[in-house]
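Okay, so here's the structure we're looking at.
Remember, it's 1-based here, ligands and their atoms both numbered in the order they're listed. Model, not experiment: these values are computed from the prediction.
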Amino acid sequence: MYAPTTMTDFNPSKPVASPVEKLKLEWAYGYRGRDGRNNLYLLPTGEMIYFIAAVIVLYNVDEQIQRHYTGHNDDVKSLSVHPDKITIASGQVAGHDKKEGKPHIRIWNSLSLQTLHVLGLGHFDRAVSCIAFSKFDGGQYLCAVDEANEHIMSVWHWQKETKLIESKTSADPVLACDFHPGDKNIIVTCGKGHISFWNFENNILTKKQGIYEKHEKPKFVNCIAFASNGDVMSGDSNGNIQIWGRGTNKISHVILNAHDGTVFTICSLPDGNFLSGGKDRNIIKWDANYKKTASSKLDEVYGSIRMLSCEKGSQIIVGTTKNNILMGSFDLQWSPVVYGHVEELWGLAVHPTQHQFLTAGEDKNVFLWDAHKHSIVWQKCVPEGAHSAIFHPNGNFFVIGLNSGRWIVFEIASQQIISSHTDGNEQIECLSFSPDGAYLGVGSRDNIIYVYNITEEGRKYSRVGRCIGHSSFVTHIDWSVDSQYLQSNSGDYEILYWNGANCKQISSVSQLRDVEWATNNCTLAFNVCGIWPEGADGTDINACCRAPRAHNLLASADDFGKVNLFRYPCYQPRANCHTFSGHSSHVTNVQFVHDDSKLLSTGGKDTSILQWNVSA
Ligand SMILES: *[C@@H]1O[C@H](CO)[C@@H](O)[C@H](O)[C@H]1NC(C)=O
Ligand SMILES: *[C@@H]1O[C@H](CO)[C@@H](O)[C@H](O)[C@H]1NC(C)=O
């Protein structure tokens, strides 16, 4: 890499401070319904509480305001609301953090968002997968189940931060635990092949296995709830609901085939009625005599019912396995209030002139979002998993790169596909338009950059050449300001330069040292080399992005769930930066909106999209 010729005083050891600007989490898009459980509740503040990645979201739908608890440093797995309806317990998986990276529980106040207690650092092995406050005694106890092999359940006096007792539950997965609301010291757990009734007294835990007798024993017991008369209800993988007589481990009643397939959730109402939801997408209301009184089916696009929650007289909220949250009632429509991706997410692009952005994921979903309204503008399905996205500089079209080498051009106004092309037969890793809108560079997993010439204002694409030279997949492409040159990075950390119009490689690199680049998406380049941390192995940074208007900031997305903010240019080795948490897996992309006021980041496995406010 060469420094620009104008830079005569380059001193790599002169430290540069972090920027004055910082990021503040403004919005978290998504909900972990895919594999989460017992993870969506209503609070008296009118907010719903749920989590995505490492963020716990408190979302007031009427006022369109989100607040966030960001004390966790990796995936949140479990959530419980204290009977005071203010105190929250949340449990996480093992993470990267040096100090608090082991799985643990955080107890916090949902009004002030202050952390009150951190429990269990060093006690849990894999993840705190189930968690529940006691209810009968005003909520002094907390039980938690570790996801590790023996599924150890522990009971804590959370205010004293002490573990009272623990016990192995089952070699098989445990899916839920809860305290009985009316009977002191009774805990119920359920999971693969079991439901267990525990009694803990004088710090001794004793277990009674639920007995099925003549009834069909299910493969999984997926959920538990408590009827207003104190009976325990359970839902299973055969679609049946069992009623366990209060204080017993015996079935007093079975609702056979309540659902077609697994019952994922049961929600007990104070008047003796209860709701159930399951794989069949049905939401069913039952009366105290187990008669069905209402039923409603969700549209297929939302997936199965993961979680139902409701407070007296208010609306029902529904969490789904496709990471949607809907609100409604049996008389009204179910309207979606939260959308999200369900599989690995890499594709992110920002609109050149408006506060809109695109995301495209492995789940074949393409969303066009409004960053002001925090909602979707529209959603499309593409035929295969998507990995990359880009807007045409005129703002009227966008391109989505798919897994098979295919890429598709959409017209925004008509929401229609206007053309589709295929280059090679491997994933399209990255896309970049020249700033004049005349060329598109298509970077493939097959090591080639395919360059297209664009006419008819962004409608017609003709291939002008193939840039062949990289010896690994193409990861990033930038065009020069004059739309003449390309710089590109590949999976084996090469930086190559090309003439855009004929795809000829330019090997005399020093010749391009003064070229101005329209974007700084390449993670390997002189002006961004400071983003690489000490000991980085080359795969640690997935993306970077320069503030497009002021050119004063550079953001990077790393493999440890962090979004980092640097001053631009950033050529001091291991430059100082601010680091922001929220994602739980590798952060796959970062992009500033066109006026630098916000930054968007996408999580790979965590499937979340975080929107940050940028300000000093
Ligand atoms: C590259 O950066 C520009 C400007 O920040 C952005 O608009 C574009 O979407 C980025 N491209 C990719 C492929 O991320
Ligand atoms: C771009 O495409 C148009 C129409 O196909 C053609 O006339 C023009 O010569 C092409 N330009 C380049 C540089 O290939």
Side-chain angles (χ1 to χ4, degrees), residues 345-361 366-369 371 386-402 407-410 412 427-437 439-445 449-452 458 473-481 483 486-490 516-525 527-528 531 541-557 563 565-566 568-570 587-604 609 611-612 614:
L345 175 61
W346 283 77
L348 170 69
V350 291
H351 193 282
T353 55
Q354 293 174 29
H355 278 186
Q356 289 189 348
F357 64 96
L358 274 173
T359 55
V366 175
F367 290 106
L368 179 63
W369 304 86
H387 194 82
S388 47
I390 191 82
F391 281 93
H392 188 277
N394 69 15
N396 299 327
F397 305 94
F398 64 75
V399 180
I400 303 292
L402 306 181
W407 49 275
I408 298 178
V409 185
F410 280 89
I412 295 175
Q427 177 162 283
I428 304 300
E429 296 283 326
C430 53
L431 294 159
S432 187
F433 280 101
S434 62
D436 63 4
Y439 294 100
L440 172 68
V442 177
S444 168
R445 191 147 195 100
I449 303 168
Y450 301 86
V451 177
Y452 279 76
F473 56 97
V474 182
T475 55
H476 306 279
I477 304 171
D478 292 309
W479 284 89
S480 59
V481 167
S483 298
L486 286 156
Q487 71 174 357
S488 56
N489 291 165
S490 55
E516 265 188 74
W517 300 99
T519 55
N520 273 90
N521 298 349
C522 282
T523 55
L524 297 164
N527 276 339
V528 308
I531 62 177
I541 307 284
N542 297 312
C544 69
C545 173
R546 178 184 68 192
R549 180 170 291 179
H551 294 193
N552 60 338
L553 294 171
L554 184 74
S556 76
V563 173
L565 192 65
F566 299 84
Y568 180 89
C570 183
V587 186
T588 50
N589 213 334
V590 279
Q591 294 291 318
F592 287 94
V593 296
H594 69 94
D595 62 4
D596 303 352
S597 64
K598 298 176 197 298
L599 181 81
L600 293 149
S601 58
T602 49
I609 307 157
Q611 180 172 317
W612 309 82
V614 182

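- The option with the heavy atom closest to atom 13 (C) of ligand 1, from among Val399, Leu431, Leu358, is Leu431.
- Closest approach of Trp479 and Ser432 over heavy atoms only: NE1-O, 2.9 Å.
- Ranking the protein heavy atoms by distance from atom 14 (O) of ligand 1 puts Gln591 NE2, 3.0 Å first.
- Counting the atoms of ligand 1 from 1 in the order shown, those under 4.0 Å from a heavy atom of Ile390 are 8 (C), 9 (O), 11 (N).
- Residue contacts with ligand 1 do not include Pro548, since none of its heavy atoms lies under 4.0 Å from the ligand.
- The shortest contact between atom 11 (N) of ligand 1 and any protein heavy atom is with Asn521 ND2, 2.6 Å.
- Taking the side chain as every heavy atom from C-beta outward, Ile449 and Ile477 approach each other to under 4.5 Å.
- In terms of protein heavy atoms, atom 3 (C) of ligand 1 is closest to Thr519 CG2, 3.5 Å.
- Here the rule is side-chain contact (heavy atoms from CB on, under 4.5 Å) with Trp369, and of Leu358, Leu600, Val350, Ile609 only Ile609 fits it.
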Side chain to side chain contact (heavy atoms under 4.5 Å, CB included) assessment of Phe397 paired with Val399: CA-CA 7 Å; Phe397 305 94; Val399 180; over 6 Å; no
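- In terms of protein heavy-atom proximity, atom 5 (O) of ligand 1 is closest to Cys545 SG, 3.3 Å.
- Two rings, from Trp407 and Tyr452, have their centers less than 6.0 Å apart.
- Using a 30° and 60° split on the angle between ring planes, Trp346 and His387 fall in the parallel class, below 30°.
- For ligand 1, the atoms sitting less than 4.0 Å from at least one non-hydrogen atom of Val350 are 7 (O), numbered in the order shown with element in parentheses.
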